[in-house]
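This report refers to the structure that appears directly beneath it.
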Amino acid sequence: MELQNLLKYLKIFEKDIRLNVWHFSLLTAILYLGYRQGQSKIIEVSRSRIMSISHIKTIPTYHKYFKELQTMGYIKYTPSYNPGYKSEVEILFK
């Protein structure tokens, strides 16, 4: 993921009045992981890593806002039930 794309995504977030600080935090954590992985579409994630980066301390808070991002059409989450593989988040916004 390039810096140019990160800035584009942040502008999209800024304009969406539905998003709150928790949404921003989760989206920023996902984009950060994508940037570190060199990915702009499909990003490997773990709940513990996203929670750590986003500074979300409780699992219910994480689940609530992560699910809302899916409902809003920002991300598609594909869980991995295999401990050897990470789950994936697909970025749906352009």
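Cluster annotation: Ile42 is not connected to Tyr32 through the hydrophobic network of ILVMFWY side chains, with a link wherever side-chain heavy atoms come within less than 4.5 Å. Under the 4.5 Å side-chain heavy-atom criterion for Ile, Leu, Val, Met, Phe, Trp and Tyr, Ile59 and Ile56 are members of the same hydrophobic cluster.
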Show me the donor-acceptor pairs within less than 3.5 Å that the side chains of residues 61-69 make with the rest of the protein, sequence neighbours left out.
unit_1: Thr61; atom_1: OG1; unit_2: Thr58; atom_2: OG1; d: 2.7
unit_1: Glu68; atom_1: OE1; unit_2: His23; atom_2: NE2; d: 2.7

Please list every donor-acceptor pair under 3.5 Å in which a side-chain atom of residues 44-51 meets a protein atom from a residue at least two apart or in another chain.
unit_1: Ser46; atom_1: OG; unit_2: Arg49; atom_2: N; d: 3.2

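Nearest approach of Ile30 to Ile43, heavy atoms of both residues: O-CD1, 3.6 Å.
Among residues two or more places apart in sequence or in another chain, the side chain to side chain contact (heavy atoms under 4.5 Å, CB included) test is passed with Tyr85 by Ser80, Asn82. Shown here are the side-chain hydrogen bond (donor to acceptor under 3.5 Å, both in side chains) partners of Ser87, two or more places apart in sequence or in another chain: Tyr77. In this view, Phe13 and Tyr9, Leu10, Leu19, Phe24, Leu27, Leu31, Tyr74, Phe93 satisfy the side chain to side chain contact (heavy atoms under 4.5 Å, CB included) rule, not counting sequence neighbours.
Counting only distance, with no hydrogens or angles, the side chain of Ser25 and the backbone of Ser54 share a donor-acceptor pair below 3.5 Å. Looking at Lys41, its side chain does come within 3.5 Å of a backbone N or O of Ile91 through a donor-acceptor pair.
Taking CD1 from Ile75 and CG from Leu92, the interatomic distance works out to 8.0 Å, rounded to the nearest 0.5 Å.
Note on residues 13-23: pairs passing salt bridge (charged side-chain N to carboxylate O under 4.0 Å, His left out), not counting sequence neighbours, are Asp16-Arg18.
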